[in-house]
Engineer: 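Okay, handing you the structure first.
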Amino acid sequence: MESPANTRSATTRLLPWTGVGGKPCYLLTGDNGGYLTRLAGDIESVQLGMGNELLGHAQELIGDPKVTPAELRYLSARLTESLRDILRVAESRGARLPVPDDGNGDSDGNRAALNNDETTP
């Protein structure tokens, strides 16, 4: 029989980068994580920061009446790349959120909370 110290729960994590042909990459991780888990977290932070900076740049360009169509196409391409990265981060982080147990066997805690709010005066 294994001792509790030797048992680990493994989870699958969507990584913030893609593999060959744009296919998603996954990492099988334990509770403590490791080098690749920390690297993925660091890259997610960089991607979110870059997206925020790009958004600021986009707001400036869109407000500039002298911006060229080529500049707008380039901006659109970068915004598309950033949105793709950020959606992957959101999917990965959302998949790792614990499922709340509301005690009623309903795994959709948000729906239960919404229903309670609707009936409250």
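Here, residue 1 is the first one in the sequence, and each next residue gets the next number.
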Engineer: Only counting residues at least two apart or in another chain, list the ones meeting side chain to side chain donor-acceptor pair (under 3.5 Å) with R84.
Structural biologist: none
Engineer: Connecting only ILVMFWY residues whose side-chain heavy atoms lie within less than 4.5 Å of each other, what is the rest of V20's hydrophobic cluster?
Structural biologist: none
Engineer: State which residues pass side-chain contact (heavy atoms from CB on, under 4.5 Å) with A58; sequence neighbours excluded, sorted by chain then number.
Structural biologist: L75, L79
Engineer: Side chains of residues 62-71: which donor-acceptor pairs under 3.5 Å do they make with residues two or more places apart or in other chains?
Structural biologist:
from : atom 1 : to  : atom 2 : distance (Å)
D64  : OD1    : K66 : N      : 2.9
T68  : OG1    : E71 : N      : 3.1
T68  : OG1    : E71 : OE1    : 3.3
E71  : OE1    : T68 : N      : 2.8

Engineer: Ignoring hydrogens and geometry, is there a side-chain-to-backbone donor-acceptor pair from S92 to R88 under 3.5 Å?
Structural biologist: no
Engineer: Identify, with sequence neighbours excluded, every residue that meets side-chain contact (heavy atoms from CB on, under 4.5 Å) alongside R78.
Structural biologist: L54, Y74, E81
Engineer: I need the full list of salt bridge (charged side-chain N to carboxylate O under 4.0 Å, His left out) pairs touching residues 17-26, with sequence neighbours left out, sorted by first then second residue.
Structural biologist: none
Engineer: Would you tabulate the side-chain donor-acceptor contacts of residues 34-51 under 3.5 Å, counting partners in other chains and residues two or more places apart, or write 'none'?
Structural biologist:
from : atom 1 : to  : atom 2 : distance (Å)
R38  : NH1    : G34 : O      : 3.4
E44  : OE1    : R13 : NH2    : 3.3
E44  : OE1    : R93 : NE     : 3.0
E44  : OE1    : R93 : NH2    : 3.2
E44  : OE2    : R13 : NH2    : 3.2
E44  : OE2    : R96 : NH2    : 3.4
S45  : OG     : G41 : O      : 3.2
Q47  : NE2    : P16 : O      : 2.9

Engineer: Taking side-chain contact (heavy atoms from CB on, under 4.5 Å) as the test, write out the residues that go with T12, two or more places apart.
Structural biologist: Y26, L28
